[in-house]
Structure formats: C-alpha cells, structure tokens
K.L.:
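The structure follows.
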Amino acid sequence: MARRVNAPIQVICRRKQPAAFSWEGRLHVIAQIIESWKERGEWWEKAPEITVYQVMTDDQGLYELHHQATGQWILYKIYD
Amino acid sequence: MISMAAYIRLHHFYAYLEAKHNPSLRHQPFVVTQGRRIIDVSPEAAKLRITTTMGIRQARLACPALQVIEAEADPLPAAERFWDICAGFTPLVEPESHNSAFVGLSLQGEIKVAGEKIINRLAQQLAVPFYLSIAPNKLTAKIAYLEAADLSLSVPGQKPLTWHQGRGRSSSPLKLKDREKPERKTGRCLIIPPHSVEDFLAPLSVNRLWPWPDKIHQQLQNLGIYTIGQLRQVPRQKLERLFGETGKKLYHAARGIDPSPVKGIYPPKTVQAYLQLPPEMDGCRTWGALTKHLLPMVESCAQELKRQGQACTRIRLLVEYKNLEEKCWDKQLKNELQAADQLLAAVKGLLTQEIWPSPITGVRIMLMGLKPAALGQLALASYLKPQRPRELEQLLASLQAKFGADRIFTGSEISIPRRERMLQLLTGFGDSPGEVIIWPAV
C-alpha cells in the first residue's frame, strides 16, 4: 500500500544518485535503489522531465522520490 | 518500520484459465494436466477431495465424471496481471510461479491493519480465490501459507487473522471458529507477527521446511527429528557435521531466521517510452502521421538500450485509441533489436497489422527481455574501385549515424581469406585491397 506525501525534501547525492534524505527531522540512508526511470508529462505544454527513484532505506522503508529538472527533490510516496 | 514478507498464492489458477479458454468447463469437476501429472483442479473437483498429488486414475476413481484437460491456455498474461496487482502496492515483487509471489512490505502501523488493507485490495482485483500470509521473512511466510492451506481456513477475506503466541494448533481460533463458515471466493490471510515466529514454527513438521527437498526431511526424520521445535534443540555443530552448509541454514530456519530478502525482480527491467499526442491534435489516423511523433521516442529508446549495452527480445505496445479502450500488442522477436530503425520496423509491424478502430492518441513502447547486446562483428568488405570513394563515404556516414562513430571503423589493409581472394579473382575486383568496415568495435 502506498501513501502519497508529495513534499519537498533535502537529498544528499553521491555520484549523481540519491544516497540519503531527510524527512520529518530524520535522516534516511538509502540502502538500495530498486528502480529509477524518467517521466515526462504534458510535453506539448513544456512540462519538465522528472526522474523517479524507488528506494529502500537502511531501516527497510520503501519510498518513491522525484527529482525535478529544477533540481528540487520531492518525497512523492511512502509504501506502507 | 517493520519489514515483512507476504506470500500470495492464487488457487485454482490453471483451472480458471482453462475454464476461461473453454467456457463449457465452468462449474464442472475437472483437472488440468501437464503430461500425465495433475497440475491443478477445479473448485468443484477440489470439493470432491481431488488434489494435485493424486494420479489421474485415482482422481477418476474419486469422481467418474471427472474431465481431464491438458493445459492449453498461456498462463503468462494472467500471471503478469496478478504480479502487476502486487506491484501496485510495493516495488518488491518476487514471482515464485505463475500463481504465487513473494512481496516485500514495509509496515509503519499495525500489521493487522496493513493485512486488512492488502486483502481488501486483492479481493477487489483478483477473480480467483487466494491465500495471503504475512510473516517477518519469506521462509515463515510460505510455511504459514502451507499450514493455512492445509488447515483449510475458510476465513472471510476482510478478516486477517493473527497467530497468537502460546496457542497450539488445535486451540487456534482460526481453525475452529471459521471452519464452519461457507467457502467464499475471496482471500484468506494468516499473519505471523515477529514475536510469534518461533512459537508458530515449533509444533510444525520438518516437512514444512520448503526450501529443502524431501531427502533432507527424510534424513531429519531418520535422526528422530520430526518437528521444527525438535530441530531447534539440535546443536549447530551437530547439524553442520551432519549436513554441512545446509546444516547451518537449517539451524537458522528452525529459529525462523531467513536472511534472503524479497527481491524486486518484477516488473523485469525494461526500456520504456510513452508518447501522448496533444489533445488538440485529435489523434493520428495514419502510420505516416504517427511516425514523425514516434521516431524521437524510438530513437530515445534505442539510445537508452545502447547506453545500457542491451538489446531487446520482446516488444510490447500499449496503444490508446480515441474514445476506446487501450489495446496491448505483444511480440516475441526472432532477433535481438537495438537500433532505432529496427525498433521502428517492429513497431510498424505491430501497429499496421489491423485497421485502427479510431485515431491513436497515445503509445507506450516497452522493450522487454533485455539481454546484453551480442558482440557481433560485421565486416563489410567493399571492393569498390578507388575512383568511386564518394559512395563509400556516404555508406560509411550512414552507418556511423546509425550505430555511432565509435563503432564503425575503416581499414585500408586487411588479410583477405583464401575463399574471398578466390571470389575477388572470379569477380574481377582484385586490383585493390578495398575498404573494410567493421562493426562493432571488438
């Protein structure tokens, strides 16, 4: 099951990949990037491309992060 | 945050597939066979106590009117739909067979509440009866399923049940209370919370240790170890001495420890691209009109394949038609494809095999069955005379544009095998060593 959060977060990157992020005052270290892909919405409206990461943290949490073309990171979904 | 593994198994899966394929089988007792082995039974046959462990003859003795159906329907599309439903609530889906899968869950709230949510979702989306078991790891989750399936817990789908610490099998509230309830086409759920694992496993037979074959179970029983609880009493050294590496794993299994994680292997890695046409375009009616929109998408797929060093062996198209339902086209390819023009040709082959029912408004391309691209070497030996270098340069430029400048090389000197030398002599192009184009770089 997934809970939509859609909130901006701070992400620490390593080699252009997310390595950790802070959410609700806690640092979540990413243990594994399960999957990543690019999504493009209404391209005719010049909607920017986003990169989606499904990640597992070291405390076994499953999250979906979005990296927008502007450089902003969004915690989009929590699988719980 | 608690990490749990769920095991989901669809019952009568192959029987439902065959009944869908052949509607006359509906509500009839029948078994589905592969070779001479029964792989599934219909719900009606199951009510007559016919099981997959029986031989066909034995099953016929139990029900003379039993129909024996050789498995014909392709189970993969239905299995993929099932795995897709699982992938809807977690990215960790590890298919075990066409009708079963492990899913990794990360639970924040109460396990029972999560169990309720999952079972409700599955009951809404699945057309066949299913079992769901949730436990801290894969080993316990599947053992819980095996136990629940054997106990024939007729538990209504909306009620996940938790194994309570300290209660034996016979006094389990699951077994006695719910057995009288009528059979329903929804799911059944058994949850083993982390603190109850050892108590749950202790009274169970060592035959329940599913990762190991019957031979190991037999060896354990020959040693007087009949239950998992008894196995837990055996010192680690003794198990390692008797069973080697397996002994170490058995030692952990007896304590409900299974270090193997649920792997997110479904959906398999694909290269995908999605094209949605602007609403004001009102869709494309002809292949020619669609091609100019498809081409950049196919090229980006080809680039991604090349970046990953992969080639695809299966292509799936999800086509959106105006005011109609989305249609799926799937093709297993004879050859591995990587280049954009090859991909476009495959897409054309799929899209133009029938008349479009209405204008196309969107296309999703999924390149599947990814394999490392074969390191082939294509040597195009040109025996063109030096007076005609322009044509050769054009050919070279077009090949470089298609496969990349780093993959196309020219060489002015090569050692030509004897057979080709003979051909040169016969065809009269033996004056010049010619140009050589080699693809890819090796």
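A, B, ... follow the sequence lines: proteins, then strands. Residue 1 opens every chain.
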K.L.:
Between Pro91(B) and Gln54(A), which heavy-atom pair has the shortest distance, and what is it?
P.N.:
CB-OE1, 3.2 Å
K.L.:
Nearest 0.5 Å please: distance from the CD1 atom of Ile34(A) over to the OG1 atom of Thr90(B).
P.N.:
7.0 Å
K.L.:
Between Ser106(B) and Gly61(A), what is the shortest heavy-atom contact and its length?
P.N.:
OG-CA, 3.3 Å
K.L.:
Do Lys269(B) and Glu35(A) touch side chain to side chain, with heavy atoms closer than 4.5 Å?
P.N.:
yes
K.L.:
Does Glu110(B) CD have over 12 foreign heavy atoms under 6.0 Å away?
P.N.:
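Atom CD in Glu110(B) is not packed in, count stays at 12 or less.
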K.L.:
Quick check for you: to the nearest 0.5 Å, what is the distance between Leu92(B) atom CG and Tyr79(A) atom OH?
P.N.:
9.5 Å
K.L.:
Take atom CZ in Arg285(B); do more than 12 heavy atoms of anything else shown fall under 6.0 Å from it?
P.N.:
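Open: at most 12 neighbouring heavy atoms sit under 6.0 Å from CZ of Arg285(B).
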